[in-house]
Asks: 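Before I ask anything, let me first share the structure, which is written out below as structure tokens.
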Amino acid sequence: CPFPVPGDPKVPVLYEVERTRTGKSFSVRSVKAIQHGKPIFTCQASFQLSQRSPVQHQFTMPTVPPPEELLTQDELIQKFLQNPNVAEGYRKRLTKIQAQDVPIDIKPVNPPDIFSSEPQEPKQLFWVRARGYIGETDMKVHCCVAAYISDYAFLGTALLPHRQYRIKFMVSLDHSMWFHAPFRADHWMLYECESPWAGGCRGLVQGRLWRRDGVLAVTCAQEGVIRVEQTPNQSKL
């Protein structure tokens with residue numbers, strides 16, 4: 001799914017769908033999203049009939065604390081805001097994040113230290129789920145919700161080794177997803193994110209969404225533009 005230009009949430013979107021191929025096992029559809037007469041998004045989706053195969057394997061899900069033992073992102077922000085040493089500028093940014101109506105519950109496994117600009121390994125682990133109840137509905141609904149969840153804080157993984165720089169501009173260039181097994185997007189899933197490469201004002205991130213029972217449900221990949229100020233940030237204290 002490449003994103004050629006930004007969209008406008010105030011303008012209706014026209015979707016053009018092309019039946020690229022319809023086969024016995026696999027079918028392909030090409031989608032173009034249009035605003036103001038120009039494509040803002042293109043997508044190629046592949047669908048497969050359910051088929052059994054003895055060829056099966058997957059990575060092992062990371063061992064992490066269960067979501068019940070961790071704080072949500074909102075609770076972490078509230079904890080940071082209670083610290084009198086937080087600089088006013090950073091306090092305003094945290095308050096702005098807290099005010100956003102995000103329809104996702106997020107529990108970071110290893111939240112970064114907001115008072116430090118030390119480089120970190122470009123890896124993150126989150127427990128994530130949709131807020132509210134979706135239920136046993138069409139699996140495509142859960143896939144759509146997972147697509148929304150997968151984009152949240154994904155590209156930021158590439159910035160962890162470069163926390164001394166202030167972000168000027170960061171946006172997705174393209175996003176790909178592979179769905180491996182059924183799942184419920186309103187149940188807790190572990191989102192494992194890592195960035196193998198960044199350079200040339202671009203960053204590449206990869207992600208895996210794990211069900212709580214250790215089944216790999218979704219694999220994601222994204223490339224995005226990352227522009228930062230050349231002068232490193234000062235301490236947040």
Asks: Quick one: do F179 and F47 end up in the same hydrophobic cluster if we chain Ile, Leu, Val, Met, Phe, Trp and Tyr together by side-chain heavy atoms under 4.5 Å apart?
Replies: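 They do not share one cluster, since no chain of ILVMFWY contacts under 4.5 Å joins F179 to F47.
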
Asks: For M177 and C220, work out which heavy atoms get closest and say how close.
Replies: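 Heavy atoms only, the tightest pair is CE-SG, 3.9 Å.
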
Asks: Would L204 end up clustered with M170 when hydrophobic side chains under 4.5 Å apart are linked, directly or stepwise?
Replies: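 No, separate clusters.
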
Asks: So, for M61 and G214, which heavy atoms are closest and what is the spacing to 0.1 Å?
Replies: SD-CA, 3.5 Å

Asks: Tell me, do W210 and P62 make a side-chain contact under 4.5 Å, heavy atoms counted?
Replies: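 Yes; the side chains approach each other to less than 4.5 Å.
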
Asks: Any idea which heavy atoms bring V109 and P65 closest together, and the distance?
Replies: CG1-CD, 4.0 Å

Asks: Restricting to non-hydrogen atoms, name the atom on I149 and the atom on A130 that form the minimum distance, rounded to 0.1 Å.
Replies: CD1-N, 3.9 Å

Asks: Please work out whether the ring planes of Y191 and F126 are parallel, tilted or perpendicular, with thresholds of 30° and 60°.
Replies: tilted

Asks: With a 4.5 Å heavy-atom cut-off, do V218 and S150 have their side chains touching?
Replies: no

Asks: Start with the C-alpha gap between L173 and R202, add the side-chain angles, then the distance that decides, and say whether side chain to side chain contact (heavy atoms under 4.5 Å, CB included) holds.
Replies: CA-CA 9 Å; L173 285 172; R202 290 178 293 129; 4.2 Å; yes

Asks: For E192, is there an ion pair with R208 - N to carboxylate O distance below 4.0 angstrom?
Replies: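 Looking at E192 together with R208, the answer is yes, because their closest N to O distance falls below 4.0 Å.
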
Asks: Begin from the C-alpha positions of Q44 and V28 and carry the test side chain to side chain contact (heavy atoms under 4.5 Å, CB included) through to its verdict.
Replies: CA-CA 7 Å; Q44 188 170 67; V28 178; 3.6 Å; yes

Asks: Does the plane of the ring in F3 sit parallel, tilted or perpendicular to the ring in F41? Use 30° and 60° as the thresholds.
Replies: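 Correct class here is tilted.
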
Asks: Measure the spacing between CG of L209 and CE of M189 and express it to the nearest 0.5 Å.
Replies: 4.5 Å

Asks: Any side-chain heavy atom of R129 sitting closer than 4.5 Å to one from H187?
Replies: no

Asks: With rounding to the nearest 0.5 angstrom, report the CD to CG distance, E136 to D186.
Replies: 8.5 Å

Asks: Same hydrophobic cluster for V102 and L155, using side-chain heavy-atom links shorter than 4.5 Å among ILVMFWY?
Replies: yes

Asks: Check K10 with D8, please: is the shortest side-chain N to carboxylate O separation under 4.0 Å?
Replies: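 Looking at K10 together with D8, the answer is no, because their closest N to O distance does not fall below 4.0 Å.
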
Asks: Is there a side chain to side chain contact (heavy atoms under 4.5 Å, CB included) between H162 and V228 once you walk through the steps?
Replies: CA-CA 9 Å; H162 316 284; V228 299; over 6 Å; no

Asks: Can you give me the closest heavy-atom contact between A181 and V215, atom names plus distance?
Replies: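 Reported closest heavy-atom pair: CB-CG1, 3.7 Å.
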
Asks: Once you round to the nearest 0.5 Å, how far does CD1 of I226 lie from CZ of F169?
Replies: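 So the CD1 of I226 and the CZ of F169 are separated by 11.0 Å.
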
Asks: Between W188 and D105, is any pair of side-chain heavy atoms under 4.5 Å apart?
Replies: yes

Asks: Got a second to check how far L71's CG is from I77's CD1, nearest 0.5 Å?
Replies: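 So the CG of L71 and the CD1 of I77 are separated by 11.5 Å.
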
Asks: Working note: T137 + R184, criterion side chain to side chain donor-acceptor pair (under 3.5 Å); need CA distance, chi angles, decisive distance, verdict.
Replies: CA-CA 9 Å; T137 183; R184 285 274 298 270; over 6 Å; no

Asks: Nearest 0.5 angstrom please: F26 CZ to R21 CZ, how far?
Replies: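 Going from CZ on F26 over to CZ on R21, the span is 9.0 Å.
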
Asks: In terms of hydrophobic clustering (I, L, V, M, F, W, Y; side-chain heavy atoms under 4.5 Å; direct or indirect links), are V141 and Y152 co-clustered?
Replies: yes

Asks: Which is it for Q124 and F154 under the side chain to side chain contact (heavy atoms under 4.5 Å, CB included) test, yes or no, and what are the steps along the way?
Replies: CA-CA 9 Å; Q124 295 193 86; F154 196 21; over 6 Å; no

Asks: What's the separation between atom CD1 in I134 and atom NE2 in H142, rounded to the nearest 0.5 Å?
Replies: 5.5 Å

Asks: Report yes if the side chains of S30 and T42 come closer than 4.5 Å at any heavy-atom pair, otherwise no.
Replies: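 In short, these two side chains do not touch, never coming nearer than 4.5 Å.
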
Asks: Report yes if the side chains of S27 and R29 come closer than 4.5 Å at any heavy-atom pair, otherwise no.
Replies: yes

Asks: Heavy atoms only: give me the nearest V13-A33 pair and the separation to one decimal.
Replies: CG1-CB, 3.7 Å

Asks: Looking at K32 and P39, would you say the former's side chain and the latter's main chain have a donor-acceptor pair under 3.5 Å?
Replies: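 Side chain of K32 to backbone of P39, a donor-acceptor pair under 3.5 Å: no, none is there.
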
Asks: Does R212 make a cation-pi contact with W127 (under 6.0 Å, within 45 degrees of the axis)?
Replies: yes

Asks: Could you give me the CA-CA distance, side-chain angles and deciding distance for S25 and Q51, then say whether side chain to side chain donor-acceptor pair (under 3.5 Å) is met?
Replies: CA-CA 8 Å; S25 299; Q51 295 175 305; 3.1 Å; yes

Asks: Pair T157, S195 - check side chain to side chain donor-acceptor pair (under 3.5 Å), show working.
Replies: CA-CA 6 Å; T157 308; S195 174; over 6 Å; no

Asks: Look at atom CZ of R227 and say whether more than 12 heavy atoms of other residues, nucleotides or ligands are closer to it than 6.0 Å.
Replies: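 12 or below, so no.
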
Asks: Can you get from F183 to Y148 by hopping between Ile, Leu, Val, Met, Phe, Trp and Tyr side chains that sit under 4.5 Å apart?
Replies: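 Yes, F183 and Y148 fall within the same hydrophobic cluster.
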
Asks: Under a 4.5 Å cut-off applied to non-hydrogen side-chain atoms, are L125 and L190 in contact?
Replies: yes

